[in-house]
Amino acid sequence: MYLIGISGGSGSGKTTFANKLINMVKEDISILHMDSYYLNVQPQEHYTAKGNPNYDHPAAFDWELLRTHLSELKRGNPIEVPVYDFVSSSRLQKTTTLNPSDVIVFEGIFSIFDKEIRELLDIRCFLHVDADIRIARRINRDVNERGRTLQSVIAQYYETVRPMYNKFLAPQKDYADFIIGEETDIAASILSAKVNELYKIGKYCLNTTNLNRGGLEVDNHQVNLNHD
Ligand SMILES: Nc1ncnc2c1ncn2[C@@H]1O[C@H](COP(=O)(O)OP(=O)(O)O)[C@@H](O)[C@H]1O
Ligand SMILES: Nc1ccn([C@@H]2O[C@H](COP(=O)(O)O)[C@@H](O)[C@H]2O)c(=O)n1
């Protein structure tokens, strides 16, 4: 299985890019959203001075479950993904089953943050999009889809989203093989063509572990587009 990590700020277009890949990759492909792994109860020690939870701090996520689930997928096992509700900011009682597939796109603000998870990923991407575009997109989405008001989105941006982006998210660029700008069409075609090619030549196959992904090493300079 080929595991693609897509990170970047909120509103940078991670989900949209992941969906673009779904349409371009010929193999069986699915998405795992890191947002599903927000902790139900946010750690008190990271609450802001104004008494709000900090959803942009790494500690806001259930890392243990994430590591377990990504390892299980790599081993070819299905997982039960939590369902997170942005309107109530809580994890619902139900889960959804995610079956292993040829390709899994793991997208989220901290998808390439954790060393253990980075090692499971076959390629690490970062969407680098200017802050004005990210906030404009986020306002639009959060007001229309996540039950927020314009004032609350702006207040949260100043309080946590912007400072945490600068402190924790932006430095992830150092771990990225592939830094993608605002226009994502070319990046999506390059990445999907690479995945299609790897499967065509038999370097990857479904439900294999790292040990036997075709029995071959992935040629780093082929996938490491950032350093070419
Ligand atoms: N390349 C793009 N061009 C224009 N709008 C975009 C683009 N990528 C994302 N959007 C819009 O921006 C909003 C946030 O995108 P989304 O993919 O949810 O971002 P993220 O997952 O990084 O938070 C959505 O309304 C989406 O339609
Ligand atoms: N209850 C919550 C949980 C998270 N957020 C915000 O979501 C952003 C990450 O999701 P994206 O899809 O935008 O990448 C993150 O910046 C959190 O601030 C929230 O508002 N409420």
Side-chain angles (χ1 to χ4, degrees), residues 4-24 31-44 46-48 50-63 66 81-92 105-113 124-173 176 178-192:
I4 302 172
I6 299 173
S7 66
S10 174
S12 60
K14 301 179 293 297
T15 313
T16 309
F17 182 66
N19 283 321
K20 231 175 236 183
L21 288 177
I22 295 254
N23 292 325
M24 296 172 95
I31 306 185
L32 180 63
H33 301 283
M34 191 176 187
D35 287 347
S36 308
Y37 293 81
Y38 268 111
L39 288 167
N40 204 19
V41 178
Q42 287 297 314
Q44 201 73 39
H46 295 296
Y47 268 51
T48 66
K50 291 184 179 160
N52 297 314
N54 184 347
Y55 295 110
D56 291 84
H57 192 281
F61 291 90
D62 190 342
W63 289 100
L66 254 173
V81 181
V83 178
Y84 189 76
D85 175 34
F86 277 95
V87 178
S88 61
S89 289
S90 63
R91 201 181 269 186
L92 303 181
V105 183
F106 173 49
E107 71 80 22
I109 55 173
F110 289 120
S111 62
I112 65 169
F113 181 82
R124 294 151 284 266
C125 308
F126 187 92
L127 277 163
H128 175 81
V129 174
D130 286 347
D132 55 346
I133 293 174
R134 283 188 275 113
I135 182 63
R137 287 177 179 170
R138 176 160 170 155
I139 289 169
N140 213 10
R141 185 200 57 198
D142 284 9
V143 169
N144 291 314
E145 295 169 26
R146 292 187 177 176
R148 309 293 166 90
T149 61
L150 172 63
Q151 290 75 13
S152 77
V153 179
I154 293 172
Q156 189 184 6
Y157 183 74
Y158 283 126
E159 211 178 344
T160 55
V161 179
R162 185 172 180 269
M164 296 299 109
Y165 179 87
N166 293 332
K167 186 169 182 183
F168 295 113
L169 268 86
Q172 290 180 108
K173 276 180 225 165
F178 201 3
I179 294 179
I180 302 163
E182 196 191 319
E183 292 304 326
T184 57
D185 284 355
I186 292 175
S189 9
I190 292 173
L191 192 47
S192 56

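Atoms within a ligand are numbered from 1 in the order they appear, just like the ligands themselves.
Atom 7 (C) of ligand 1 lies below 4.0 Å from at least one non-hydrogen atom of the protein.
Near Y84, the atoms of ligand 2 lying under 4.0 angstrom from a non-hydrogen atom of the residue are 1 (N), 2 (C), 3 (C). The contact set between ligand 1 and E182, taken as ligand atoms under 4.0 Å from a residue heavy atom, comprises 1 (N). Counting the atoms of ligand 2 from 1 in the order shown, those under 4.0 Å from a heavy atom of S89 are 1 (N), 2 (C). Interface of R141 with ligand 1, defined as ligand atoms under 4.0 Å from a residue heavy atom, comprises 18 (O), 19 (O), 20 (P), 23 (O). Near K14, meaning under 4.0 Å from one of its heavy atoms, ligand 2 places the atoms 14 (O). Residue R148 approaches ligand 2 through these ligand atoms, each under 4.0 Å from one of its heavy atoms: 1 (N), 2 (C), 19 (C), 20 (O), 21 (N).
Around CZ of R162, the count of heavy atoms belonging to other residues, nucleotides or ligands within 6.0 Å does not exceed 12.
For the pair R138 and ligand 1, no heavy-atom separation below 4.0 Å is found. Residue contact annotation: G11 has a non-hydrogen atom under 4.0 Å from ligand 1. Between H33 and ligand 2 there is no heavy-atom distance shorter than 4.0 Å. Within the 4.0 Å heavy-atom shell around ligand 2 one does not find M34. Ligand 1 has G9 within reach: a non-hydrogen atom of the residue lies less than 4.0 Å from it. Contact annotation: R138 has at least one heavy atom less than 4.0 Å from an atom of ligand 2. For the ligand labelled ligand 2, residue E107 lies outside the 4.0 Å heavy-atom shell.
Closest non-hydrogen pair, I4 versus C125, comes out as CG2-SG, 4.3 Å. For the pair A18 and I31, the tightest heavy-atom approach, listed with the atom from each and the gap, is CB-CD1, 3.7 Å. The two residues P43 and A59 have their closest heavy-atom pair at CG-O, 3.4 Å. Of all heavy-atom pairs spanning Y157 and A131, the tightest one is OH-CB, 3.6 Å.
For T15, no nitrogen or oxygen atom sits less than 3.5 Å from a nitrogen or oxygen atom of ligand 2, counting backbone and side chain alike. In terms of N/O distances under 3.5 Å, ligand 1 is approached by K14. The shortest N/O to N/O separation between T15 and ligand 1 falls below 3.5 Å. Taking only nitrogen or oxygen atoms, main chain and side chain alike, Q156 reaches within less than 3.5 Å of ligand 2.
A 4.5 Å side-chain heavy-atom check between N54 and Q42 finds every atom pair outside the cut-off. For the pair K14/M34, no side-chain contact is recorded, criterion being any heavy-atom separation below 4.5 Å from C-beta on. Using a 4.5 Å heavy-atom threshold, the side chains of S189 and M24 count as touching. Residues R91 and D62 meet the side-chain proximity criterion, which asks for heavy atoms closer than 4.5 Å. Using a 4.5 Å heavy-atom cutoff, the side chains of L66 and F106 are in contact.
Of the protein's non-hydrogen atoms, R146 NH1, 3.5 Å is the one closest to atom 7 (O) of ligand 2. Regarding atom 19 (O) of ligand 1, its nearest protein heavy-atom neighbour is G13 N, 3.2 Å. From the protein, the heavy atom lying nearest to atom 5 (N) of ligand 1 is R137 NE, 3.7 Å. Nearest protein neighbour of atom 16 (P) of ligand 1, counting heavy atoms only, is T16 OG1, 3.7 Å.
Between F110 and W63, the ring planes are tilted. Angles from 30° to 60° get that label. Ring orientation note: the planes of Y38 and Y84 are tilted relative to one another, at an angle of 30° to 60°.
Panel note: side chain S111, backbone I6; a donor-acceptor pair is recorded below 3.5 Å.
When the heavy-atom distances from atom 13 (O) of ligand 2 to S10, A60, S152 are ranked, the shortest goes to S10. In the candidate list D56, V161, I109, N54, D56 is nearest to atom 17 (C) of ligand 2, counting heavy atoms.
For D35, every heavy-atom contact with ligand 2 shorter than 4.0 Å involves the side chain, none the backbone.
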